[in-house]
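Note that these values count all heavy atoms, side chains included, but never hydrogens, waters or copies made by symmetry.
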Amino acid sequence: MYKLFIRPLLFSLDPEKAHHFTFKYLKLIHKIPFVPSLIRAIYQVEHPSLHREVFGLQFKNPVGLAAGLDKDATLYQELSNLGFGFIEIGTITPKPQPGNPKKRLFRLIDDQGIINRMGFNNEGVVAAVERLKKNKGVLIGGNIGKNKITPNEEAVNDYLICFEQLFDYVDYFVVNVSSPNTPNLRSLQEKEPLKQLLNTLQEKNSSKENPKPILLKIAPDLTDEQLLDIIEIVKETHIAGVIATNTTISREGLHSDNKKETGGLSGKPLRERATEVIRFLSEKSGKAFPIIGVGGIFSEEDALEKLEAGASLVQLYTGFIYEGAGLIKRINKKLIKKNHAL
């Protein structure tokens with residue numbers, strides 16, 4: 001139904017308008033009595049074999065929503081009803097910011113991808129916290145970043161502000177230094193600044209009564225040498241794990257007319273590289289830390305590929321846009337079937 005009727009309607013709209021329309025529609029229908037329970041009955045899959053314990057947290061299934069869709073924590077409850085095992089909000093910055101000028105979101109239909117140069121558009125951490133106070137049992141990841149106007153030398157302060165404000169309202173944190181859409185942000189992935197940032201956050205984290213898992217989200221464009229540095233940094237800073245990967249700046253092998261738009265590319269063109277990064281990190285580290293696999297998951301087989309490469313959990317974004325909520329259910333059913341066959 002989604003691919004036959006709903007997707008053609010949404011894809012007839014500008015991508016950003018389609019996003020806002022979808023959010024308003026999902027909010028609206030969830031206000032109708034019995035509709036939330038009906039949606040849960042259709043999409044949610046419950047089975048003990050889907051449960052995962054990763055970095056000390058209990059996940060009801062291993063399929064999550066990647067950051068970038070619910071930036072401001074406005075729809076996490078409704079999205080959870082569609083079958084996701086966890087929702088990652090953000091990227092959140094300390095102060096509200098409008099992001100980059102529109103048009104900044106592009107569908108690459110021939111390649112089944114999306115290019116975005118949103119630029120961390122969000123309403124700021126205070127607004128997100130107010131919404132998260134109403135959470136009814138959804139496992140939440142908080143993806144945090146720096147404001148565009150904050151120089152890199154002061155970036156750690158932005159991450160600390162978000163960390164402190166969100167601490168009581170999220171289950172894990174993600175340090176985003178890998179978006180290509182905030183000027184110079186990716187230079188924070190270099191070894192020394194990254195170690196300093198993560199050590200500072202970990203110091204703050206360890207002062208808490210119940211520290212939260214901190215993960216690092218990395219770019220798919222890192223070299224093998226840089227990935228080895230990431231492994232070393234994770235071990236030295238004792239963070240909980242890695243999310244692999246963010247969007248890519250590569251445009252290799254694309255066919256769509258708008259392939260030259262600047263920004264980060266997600267979707268099917270990213271699948272192979274994201275899996276390579278997961279496998280590299282898993283093998284070279286000796287499976288020393290959990291990895292959340294994200295990038296180009298459009299089918300049950302794509303999700304299994306990430307898990308078999310070494311991911312403990314997976315996340316969807318572009319595949320969810322192209323395939324609809326049925327994809328979450330299909331992946332979870334496939335995992336149950338696979339577990340029964342073992």
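In this structure, K329 places its NZ atom where more than 12 heavy-atom neighbours from other residues, nucleotides or ligands lie under 6.0 Å away.
One N or O on the side chain of S285 and one on the backbone of K287 form a donor-acceptor pair closer than 3.5 Å.
Ion pairing between a basic and an acidic side chain is recognised when a charged N comes within 4.0 Å of a carboxylate O; E323 and R330 show such pairing. Of the charged side-chain nitrogens involved, none lies within less than 4.0 Å of a carboxylate oxygen, so that K284 and D224 do not count as a salt-bridged pair. Under a 4.0 Å N-O distance rule, the pair E123/R131 qualifies as a salt bridge.
Counting only N and O atoms by type, the side chains of N81 and R40 include a donor and acceptor under 3.5 Å apart. For the residue pair H51 / N61, no side-chain donor-acceptor distance below 3.5 Å is found, with atom types taken as modelled. Looking at Q189 and Q226, their side chains never bring a donor and an acceptor atom within 3.5 Å of each other. Under the 3.5 Å distance criterion, with hydrogens and angles disregarded, a donor-acceptor pair is assigned to the side chains of S178 and N246. Using modelled atom types, one finds no donor on one side chain facing an acceptor on the other under 3.5 Å when comparing T237 with Q202. Looking only at atom types and distance, the side chain of N116 has a donor-acceptor partner in the side chain of N181 under 3.5 Å away.
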Practice item. Assess whether salt bridge (charged side-chain N to carboxylate O under 4.0 Å, His left out) is satisfied between K333 and E300, documenting all intermediate values. Key: CA-CA 9 Å; K333 284 199 157 186; E300 306 94 297; over 6 Å; no
Review point. How far apart are the C-alpha atoms of E305 and R271, what are their side-chain angles, what is the distance that settles it, and do they pass the salt bridge (charged side-chain N to carboxylate O under 4.0 Å, His left out) test?
Key: CA-CA 10 Å; E305 178 186 73; R271 180 189 63 79; 2.6 Å; yes
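In this view, E308 satisfies the side chain to side chain donor-acceptor pair (under 3.5 Å) rule with no residue, not counting sequence neighbours. Partners of R273 by salt bridge (charged side-chain N to carboxylate O under 4.0 Å, His left out), not counting sequence neighbours, listed by chain and number: E276. Every residue two or more places apart in sequence or in another chain was checked for a side chain to side chain donor-acceptor pair (under 3.5 Å) with S250, and none qualifies. With sequence neighbours excluded, no residue forms a side chain to side chain donor-acceptor pair (under 3.5 Å) with E283.
Listed here is the closest heavy atom pair of G295 and K306: O-NZ, 2.9 Å. In this structure, P211 and N205 approach most closely via the heavy-atom pair CA-OD1, 3.4 Å.
Judged by a 6.0 Å distance limit and a 45° cone about the ring axis, K148 is not positioned over the six-membered ring of F120.
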Quiz: residues 157-166 side-chain donor-acceptor pairs under 3.5 angstrom, not counting sequence neighbours:
residue	atom	partner	partner atom	Å
D158	OD2	N147	N	2.8
D158	OD2	T150	OG1	2.7
Y159	OH	N176	O	2.7
E164	OE1	K208	NZ	2.8

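The list of ring pair (Phe, Tyr, Trp, His ring centres under 6.0 Å) pairs with a residue in residues 264-321, not counting sequence neighbours, reads F84-F320, F298-Y322.
Residues L313 and V277 fall into different hydrophobic clusters, defined by Ile, Leu, Val, Met, Phe, Trp and Tyr side chains chained together at heavy-atom separations under 4.5 Å.
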